[in-house]
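First up is the structure itself, then whatever we jot down about it.
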Protein chains: 2
Amino acid sequence: MDDAQHQYVDKVATFFTLFGSARAWAEILGWLMICEPAERTQAEIAEDLGLSAGTVSTQLRAHVQLGMVEQVRVRGDRTQRYRLRPGAWYAVMASELERIRALGDLARAGDGVLPRDRPERVTELGDLADFFAREWPPLMERMTAELEKGSA
Amino acid sequence: MDDAQHQYVDKVATFFTLFGSARAWAEILGWLMICEPAERTQAEIAEDLGLSAGTVSTQLRAHVQLGMVEQVRVRGDRTQRYRLRPGAWYAVMASELERIRALGDLARAGDGVLPRDRPERVTELGDLADFFAREWPPLMERMTAELEKGSA
DNA sequence: GCACGTTTTCAGTATTGCCTGAAGTCAATG
DNA sequence: CATTGACTTCAGGCAATACTGAAAACGTGC
């Protein structure tokens with residue numbers, strides 16, 4: 001890992017740390033975006049970034065569960081390899097629909113305590129969630145179309 | 001604050017805490033959604049939620065800076081009052097455009113270290129940000145139209 | 001089924017960031 | 001100009017979380 005690479009990993013790490021991510025999680029993400037080859041073992045990542053094996057194991061699993069990273073098996077090699085999943089960023093955006101729905105549920109859970117004074121404080125959130133729940137699927141379709149075009 | 005209200009505040013707090021918000025920040029938000037009257041002083045909020053004056057001051061300021069909460073001056077009363085801003089949720093969504101742009105910048109900052117192996121690991125993020133930067137404004141317009149309709 | 005490297009787990013440690021309480025600042029009022 | 005109350009700031013305590021290191025578990029290839 002040269003200086004420029006190190007700097008970029010740091011930039012990515014700083015960015016996501018601002019939104020509450022763990023430093024190691026973000027560093028792994030940044031590194032998997034630019035490392036060569038794209039496929040790497042846990043031991044390599046630990047060595048490259050100066051992290052312990054335990055940390056890499058834990059944070060890598062988090063990435064896999066989020067759908068950002070996937071495992072690659074190489075025949076004849078017992079070592080697992082990991083790489084940034086193609087379309088990883090798109091997948092994250094697509095999964096946003098679940099969070100939108102959760103927000104809507106949160107608003108509806110407020111029905112029992114709707115304030116007489118300016119009840120729209122609660123209903124507004126529900127309306128917003130409904131709006132996005134409606135708009136998101138077609139938006140994701142346009143996004144996918146864009147993706148196809150770019151990779152074609 | 002009755003039991004049902006307390007329960008709702010807790011639900012809101014739990015939700016946002018999952019995404020890394022400070023507990024006090026989230027409790028204040030939940031309470032400002034349902035309290036009556038909608039306008040409240042710092043001292044009242046502290047009393048209602050069992051928080052210290054310092055915490056309320058700090059977290060309330062965070063809400064104001066994010067545009068979720070606004071201050072209301074009452075003539076002849078030296079005490080400042082705070083309330084959830086009408087259209088607060090919409091404003092937050094509208095400001096999302098800035099974060100989209102920041103993501104795009106992060107991707108473009110990777111140009112200097114573009115991997116020869118699967119460079120789309122970096123460019124994909126940039127394309128995604130560009131897509132959303134394009135789609136967001138018209139989406140926000142549709143959202144605003146919806147808002148007018150609902151409040152009319 | 002054995003042996004070996006890989007991966008996971010977990011107890012302990014370090015670090016981070018929240019919250020409190022008290023002291024300080026400011027503004028309005030008489 | 002002094003007094004009063006509201007608000008802010010900040011050092012310190014504390015709780016939550018991330019990270020490490022080592023040991024246990026796993027699973028692959030022989």
Side-chain angles (χ1 to χ4, degrees), chain A residues 6 9-10 12-32 35 37 39-66 68-83, chain B residues 6 9-10 12-32 35 37 39-66 68-83:
Chain A
H6 192 282
V9 168
D10 192 58
V12 172
T14 301
F15 182 87
F16 285 98
T17 298
L18 280 179
F19 296 114
S21 303
R23 176 105 199 154
W25 182 93
E27 283 187 5
I28 292 172
L29 174 59
W31 183 226
L32 285 181
C35 64
E39 291 78 19
R40 286 194 107 66
T41 68
Q42 289 199 10
E44 284 168 352
I45 295 172
E47 166 68 20
D48 296 338
L49 297 173
L51 296 169
S52 74
T55 299
V56 172
S57 172
T58 303
Q59 301 299 343
L60 213 38
R61 160 185 300 216
H63 279 300
V64 170
Q65 283 181 342
L66 277 171
M68 291 288 298
V69 169
E70 66 187 357
Q71 307 177 357
V72 197
R73 297 197 155 281
V74 179
R75 267 187 72 84
D77 186 356
R78 95 177 43 164
T79 320
Q80 187 69 258
R81 295 186 167 272
Y82 298 82
R83 70 170 177 210
Chain B
H6 192 281
V9 168
D10 192 58
V12 173
T14 301
F15 182 88
F16 286 99
T17 298
L18 280 179
F19 296 114
S21 302
R23 175 104 199 155
W25 182 93
E27 282 188 6
I28 291 172
L29 174 59
W31 183 226
L32 285 181
C35 64
E39 292 78 19
R40 286 194 106 65
T41 67
Q42 288 199 7
E44 283 167 353
I45 295 172
E47 165 68 21
D48 296 338
L49 297 173
L51 296 169
S52 74
T55 299
V56 172
S57 172
T58 303
Q59 300 301 341
L60 213 39
R61 159 185 302 217
H63 279 300
V64 170
Q65 282 181 343
L66 277 170
M68 291 288 298
V69 168
E70 66 186 357
Q71 307 177 358
V72 197
R73 296 202 154 278
V74 179
R75 266 187 72 84
D77 187 356
R78 94 174 47 166
T79 321
Q80 185 71 258
R81 296 188 166 270
Y82 297 84
R83 69 170 178 210

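By convention in this document, chain letters (A, B, ...) are assigned in the order of the sequence lines, proteins followed by strands, and residues within each chain are numbered from 1.
- For B:Arg78, taking side-chain heavy atoms from C-beta onward, the closest of the listed nucleotides D:dA6, C:dT20, D:dC19 is D:dA6.
- The interatomic distance linking A:Gln42 (CD) with D:dC26 (C1') rounds to 13 Å, in whole Å.
- Note on B:Gln59: a side-chain N or O is less than 4.0 Å away from OP1 or OP2 of C:dC19.
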Practice task
Might you work through the side-chain contact (heavy atoms from CB on, under 4.5 Å) test for A:Val56 and A:Leu49, ending with a clear yes or no?
Solution key: CA-CA 10 Å; A:Val56 172; A:Leu49 297 173; over 6 Å; no

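- For A:Gln80 and D:dG27, the shortest distance from a side-chain N or O to OP1 or OP2 is not below 4.0 Å.
- As rounded to whole Å, 14 Å separates atom P of D:dT8 from atom NE2 of B:His63.
- What separates CG of A:Leu49 from P of D:dT20 is a distance of 11 Å, to the nearest Å.
- Counting any heavy atom pair closer than 4.0 Å across all strands shown, A:Arg81 reaches no nucleic acid atom.
- One interatomic measurement links the two molecules: CG of B:Leu60 to P of D:dA6, which rounds to 15 Å at whole-angstrom precision.
- In this model, the phosphate group of D:dT28 is approached by a side-chain N or O of A:Arg73 to a distance below 4.0 Å at OP1 or OP2.
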Practice task
Begin with the C-alpha distance, continue with both residues' side-chain angles, and end with the deciding distance and a verdict on side-chain contact (heavy atoms from CB on, under 4.5 Å) for A:Val12 and A:Leu32.
Solution key: CA-CA 11 Å; A:Val12 172; A:Leu32 285 181; over 6 Å; no

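- A straight line from CD1 of B:Ile28 to P of D:dC7 spans 13 Å, rounded to a whole angstrom.
- The aromatic rings of A:Phe16 and A:Trp25 stand perpendicular to each other, their planes meeting at an angle above 60°, with 30° marking the opposite boundary.
- Rounded to whole Å, atom C1' of D:dT8 lies 10 Å from atom OH of B:Tyr82.
- Residues A:Thr58 and B:Val56 both approach DNA chain D. Their nearest nucleotides, taken by heavy-atom distance, put B:Val56 toward the 5′ side.
- Comparing C:dC19, C:dT6, D:dC19 by their closest approach to the side chain of A:Thr79 singles out C:dT6.
- Between A:Arg61 and C:dT9 there is a side-chain N or O to OP1 or OP2 distance below 4.0 Å.
- Atom CH2 of B:Trp25 and atom C1' of D:dA16 are 19 Å apart (whole Å).
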Exercise for the section: Quick one: do B:Arg81 and B:Gln71 satisfy side-chain contact (heavy atoms from CB on, under 4.5 Å)? Show the steps, please. Expected result: CA-CA 6 Å; B:Arg81 296 188 166 270; B:Gln71 307 177 358; over 6 Å; no

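- Rounded to whole Å, the distance from CZ on B:Phe16 to C1' on C:dC18 is 19 Å.
- Using a 4.0 Å heavy-atom cutoff across all strands shown, A:Gly20 reaches no nucleic acid atom at all.
- Using a distance-only test at 3.5 Å, with no hydrogens or angles considered, no donor-acceptor pair links the side chain of B:Ser57 to the main chain of B:Ala53.
- For C:dT8, one of the phosphate oxygens OP1 or OP2 lies less than 4.0 angstrom from a side-chain nitrogen or oxygen of A:Ser57.
- For D:dT20, one of the phosphate oxygens OP1 or OP2 lies less than 4.0 angstrom from a side-chain nitrogen or oxygen of A:Thr55.
- Here A:Gln71 lies out of heavy-atom contact (under 4.0 Å) with every strand.
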